[in-house]
Amino acid sequence: MRITCCSRSHRGWSLKTLVVTEPDFTFTRQQLEALRTPLTAAVLLCNPCNPTGKVFTREELEIVARFASDHDLLIFLR
């Protein structure tokens, strides 16, 4: 299960991925901040995610929404 930040540069797109792992498949705002660069343009989020079937909680989705809002990022939800 992953959350990905996309950054655009003169060389094309760069992806930085946060892999969330068992047992709870959760993440923190600090982990998202570590993925961001000044060129980050978007967050890619898969919810629910296969093969685990994990559905992010409202609180987790609010963390992603605040992160994106604070940094003027698009969110692509799959």
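Small disclaimer: the values here were computed from a predicted structure and weren't measured. Counting from 1, the numbers follow the sequence of the chain as shown.
Heavy-atom minimum distance, L73 versus A42: CD2-N, 4.1 Å. Residues T40 and S7 approach most closely at OG1-OG, 2.9 Å, considering heavy atoms. Residues A65 and I75 approach most closely at CA-CD1, 4.0 Å, considering heavy atoms. In plain terms, the two heavy atoms of F27 and I63 that are nearest each other are CE1-CG2, 3.7 Å. R8 and W13 get closest at one heavy-atom pair: NH1-NE1, 3.0 Å. Closest approach of G53 to P48, counting heavy atoms only: O-CB, 4.3 Å.
Distance check, rounded to the nearest 0.5 Å: SG of C46 to NZ of K54 gives 12.5 Å. With values rounded to the nearest 0.5 angstrom, C5 atom SG is found 8.5 Å from L18 atom CG.
The side chain to side chain donor-acceptor pair (under 3.5 Å) test applied to T26 returns E60, not counting sequence neighbours. Among residues two or more places apart in sequence or in another chain, the side chain to side chain donor-acceptor pair (under 3.5 Å) test is passed with R66 by none. With sequence neighbours excluded, the residues forming a side chain to side chain donor-acceptor pair (under 3.5 Å) with D70 are R29, listed by chain and number.
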(request) Report the C-alpha separation of L61 and L45 in whole Å, then their side-chain angles, then the decisive distance to 0.1 Å, and conclude whether the side chain to side chain contact (heavy atoms under 4.5 Å, CB included) test is met. (result) CA-CA 9 Å; L61 293 174; L45 181 67; 3.6 Å; yes
(request) Could you walk me through whether R36 and K16 pass side chain to side chain contact (heavy atoms under 4.5 Å, CB included), step by step? (result) CA-CA 8 Å; R36 194 181 72 80; K16 287 182 151 186; over 6 Å; no
(request) With side chain to side chain contact (heavy atoms under 4.5 Å, CB included) as the test, would you mind laying out the steps for V55 and N47 before giving the verdict? (result) CA-CA 6 Å; V55 176; N47 187 47; 3.9 Å; yes
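Placement of L77 and F56 within a single hydrophobic cluster is found when ILVMFWY residues are connected by side-chain heavy-atom separations under 4.5 Å, directly or transitively. Side-chain heavy atoms closer than 4.5 Å link hydrophobic residues (I, L, V, M, F, W, Y) into clusters, and following such links, even through other members, never connects L15 to F76.
Of the possible polar contacts, one joining the T37 side chain to the L39 backbone as a donor-acceptor pair under 3.5 Å is found.
Within 6.0 Å of CG in D24 there are more than 12 heavy atoms belonging to other residues, nucleotides or ligands.
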